[in-house]
Enquirer: 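Got a structure here, written out as structure tokens. Questions coming.
We count ligands from 1, going down the list as the structure has it; atoms in each ligand are counted the same way. These figures come from a predicted structure and were not determined experimentally.
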Amino acid sequence: MYRAFLIKYAEIAIKGKNRYIFEDALVEQIKYQLREVEGKFRIVKEMGRIFVYAETDFDYEETVEALKRVFGIFSICPAVVLEDQGFDKLAEDVADYVKKLYGDKALTFKVNTRRNKKTYPMQSMEVSSALGGVILDACPNMKVDVHKPDVFVNVEIRSKIYLYSENIPGPGGMPLGTNGSAMLLLSGGIDSPVAGYMIAKRGVKIDAVYFHAPPYTSERAKQKVVDLAKLVAKYSGPIRLHVVNFTDIQLYIYDKCPHEELTIIMRRYMMKIAEEFAKKDGCLGLITGESIGQVASQTIHSLAATNEVCTLPVFRPVIGFDKQEIVDVALKINTYETSILPYEDCCTIFVAKHPVTKPNLQVIKRSEEKLQDKIEEMLKEAVETAETIICE
Ligand SMILES: Nc1ncnc2c1ncn2[C@@H]1O[C@H](COP(=O)(O)OP(=O)(O)OP(=O)(O)O)[C@@H](O)[C@H]1O
């Protein structure tokens, strides 16, 4: 029945002179997400609307799933496209459409008409009330409610006529590429893929860094992170994942520093290395999956100590979320099942029995002085020897 989708966008609508930049980015992202969907599509920007037209047969479910991944879309309205062949034919088509969609359900409805084609011989209100009568005749169980209807039957009269009634929610947010880029510290856990998704949803292009520690962490643990990056990439577009071998640095810290400070010192070096990649890739911020109080390294004191090495802003989108709230997003974006696979992470292998929860920055810095001889050289080598994997 459907040959087109009317795309509604929320936040972009309030942009002023720059609105076309956001609309163009949205069109690009729609094209990108539809690239592997069966069928040929034409995407048209028209008077405050974006239309996706199917030019061939197409897979409806797959198309809707793809559109549901495009940040910036508020809702997706499958639409019937009609030629203007006079009101009687329109009435017939509207009656058929509503019957097909709602059958004999006892719903209340309201017809909403928008007339962009000013030469159409009837006013919007006239069209709405005449079509209301047509629907009442065709579907005797339906009733009109102009205040709080169960369903809207929308009629847009342009060079063609569009009928739509279903509103499938999109993901919201801003189109990718409209807000610069940031570097995600991606572990194999539940939180960081969610953090990456949330920042990408604001229109930010993301790349990622993963620290692994072979042979303490396995190839399977690394593959899990690649798989997670691919799942996030379904929304965010291709992610360049830098895989850093962190073993020597971890062993060196383990050897030289008090064990209760290990996690904090390790985190500080992770941040430093992530910043190197961020600067190389033109990113303007870092992203982590930290949430206040979740573990010892995420108390507010620990976060402050970790943050102290960063010169770029650090975005922590799940900072105020409870674990369950993070899990809910992970389930929604389909990363949860992969995240809970039981492979080891480098942070958990070298963890102390009683890590500090209120690290004193001066004390931490004094411990780091013991690393002075070799650490700069080791950081440089870790960056230079990293493997970069394109995840899409
Ligand atoms: N091996 C790693 N590689 C890259 N980033 C990491 C790694 N380990 C931790 N991080 C970053 O530090 C944050 C806090 O890590 P921690 O191990 O305390 O995690 P968590 O709260 O369980 O988070 P996650 O679920 O993302 O692993 C992570 O969200 C991630 O951004």
Enquirer: Kindly state whether the ring of F51 and the ring of Y162 have centres lying under 6.0 angstrom apart.
Expert: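 Yes, the ring centres sit under 6.0 Å apart.
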Enquirer: Should you measure from each heavy atom of S192, which atoms of ligand 1 turn up under 4.0 Å away?
Expert: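 Close to S192: 24 (P), 26 (O), 29 (O), 30 (C), 31 (O).
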Enquirer: Compare A274, S187, A221, G289 and give the one whose heavy atom is closest to atom 6 (C) of ligand 1.
Expert: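 The nearest heavy atom belongs to S187.
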Enquirer: Inspect the surroundings of NZ in K160 and state if more than 12 heavy atoms from other residues, nucleotides or ligands are less than 6.0 Å away.
Expert: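 Check fails, neighbour count at 12 or below.
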Enquirer: Can you find a non-hydrogen atom of R267 under 4.0 Å from ligand 1?
Expert: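 In this structure, R267 qualifies as a contact of ligand 1 - some heavy atom is under 4.0 Å.
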Enquirer: Please verify the inter-ring angle class for Y2 with Y60; under 30° counts as parallel, over 60° as perpendicular, anything in between as tilted.
Expert: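 Because their plane-to-plane angle is under 30°, the rings of Y2 and Y60 count as parallel.
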Enquirer: Do any nitrogen or oxygen atoms of D191 lie less than 3.5 angstrom from nitrogen or oxygen atoms of ligand 1?
Expert: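 Between D191 and ligand 1, an N or O pair is found under 3.5 Å apart.
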Enquirer: State the OG-CD1 distance between S302 and I364, to the nearest 0.5 angstrom.
Expert: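 S302 atom OG to I364 atom CD1 measures 8.0 Å (nearest 0.5 Å).
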Enquirer: For residues Y197 and I199: do they belong to one hydrophobic cluster (side chain heavy atoms under 4.5 Å, members Ile, Leu, Val, Met, Phe, Trp, Tyr)?
Expert: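 No, Y197 and I199 fall in different hydrophobic clusters.
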Enquirer: Check whether the side chains of E46 and N116 place a donor and an acceptor atom closer than 3.5 Å, and report yes or no.
Expert: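 There is no such pair between these side chains.
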Enquirer: Got a salt bridge between K89 and D93, using NZ or NE/NH1/NH2 to carboxylate O under 4.0 Å?
Expert: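 Looking at D93 together with K89, the answer is yes, because their closest N to O distance falls below 4.0 Å.
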Enquirer: Could you tell me whether R35 sits above the aromatic face of Y32, with NZ or CZ closer than 6.0 angstrom to the six-membered ring centre and within 45 degrees of the axis?
Expert: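 Yes, R35 lies over the aromatic ring of Y32.
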Enquirer: Pull out every atom of ligand 1 sitting under 4.0 Å from any heavy atom of G189, numbered as shown with elements.
Expert: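 Per the distance check, 24 (P), 25 (O), 27 (O).
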Enquirer: So if I count the atoms of ligand 1 from 1 in the order they appear, which ones are less than 4.0 Å from some heavy atom of V209?
Expert: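 Listed by number with element, the hits are 4 (C).
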Enquirer: Can you figure out which of Q298, H242, Q294, E290 has its heavy atom closest to atom 19 (O) of ligand 1?
Expert: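 It is Q298 that holds the nearest heavy atom.
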Enquirer: With nothing but distance in play, are any N or O atoms of I190 less than 3.5 Å from an N or O of ligand 1?
Expert: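 For ligand 1, there is an N or O atom that lies under 3.5 Å from one belonging to I190.
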Enquirer: Regarding K272 and E275, does a basic nitrogen lie under 4.0 Å from an acidic carboxylate oxygen?
Expert: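 Not counted as a salt bridge, because no side-chain N and carboxylate O are separated by less than 4.0 Å.
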Enquirer: With heavy atoms only and a cut-off of under 4.0 Å, state how L184 meets ligand 1: side chain, backbone, both or neither.
Expert: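 It is neither part, as no heavy atom is under 4.0 Å.
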Enquirer: Should G188 be counted as touching ligand 1, given the test is an N or O pair under 3.5 Å?
Expert: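 It does not: no N or O of G188 is found under 3.5 Å from an N or O of ligand 1.
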Enquirer: Is the closest N or O pair between P193 and ligand 1 shorter than 3.5 Å?
Expert: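 Between P193 and ligand 1 (N or O atoms, distance only) the closest approach is not under 3.5 Å.
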Enquirer: Give the numbers and elements of all ligand 1 atoms closer than 4.0 Å to a heavy atom of L185.
Expert: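 Listed by number with element, the hits are 4 (C), 5 (N), 11 (C), 30 (C), 31 (O).
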Enquirer: Evaluate whether atom CG of D137 has more than 12 neighbouring non-hydrogen atoms of other residues, nucleotides or ligands under 6.0 angstrom away.
Expert: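 For D137, atom CG is crowded (more than 12 foreign heavy atoms under 6.0 Å).
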Enquirer: Which of the atoms in ligand 1, numbered in the order shown and given with their element, are less than 4.0 Å from a heavy-atom of T288?
Expert: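 Those atoms are 31 (O).
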Enquirer: Backbone or side chain, does any N or O of I287 fall under 3.5 Å from an N or O of ligand 1?
Expert: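 Looking only at distances, the answer is no, because the N/O contact criterion of under 3.5 Å is not met.
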Enquirer: Please work out, at 4.0 Å between heavy atoms, whether the side chain, the backbone, both, or neither of L186 comes within that distance of ligand 1.
Expert: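 It is the backbone that gets close, since no side chain atom is under 4.0 Å.
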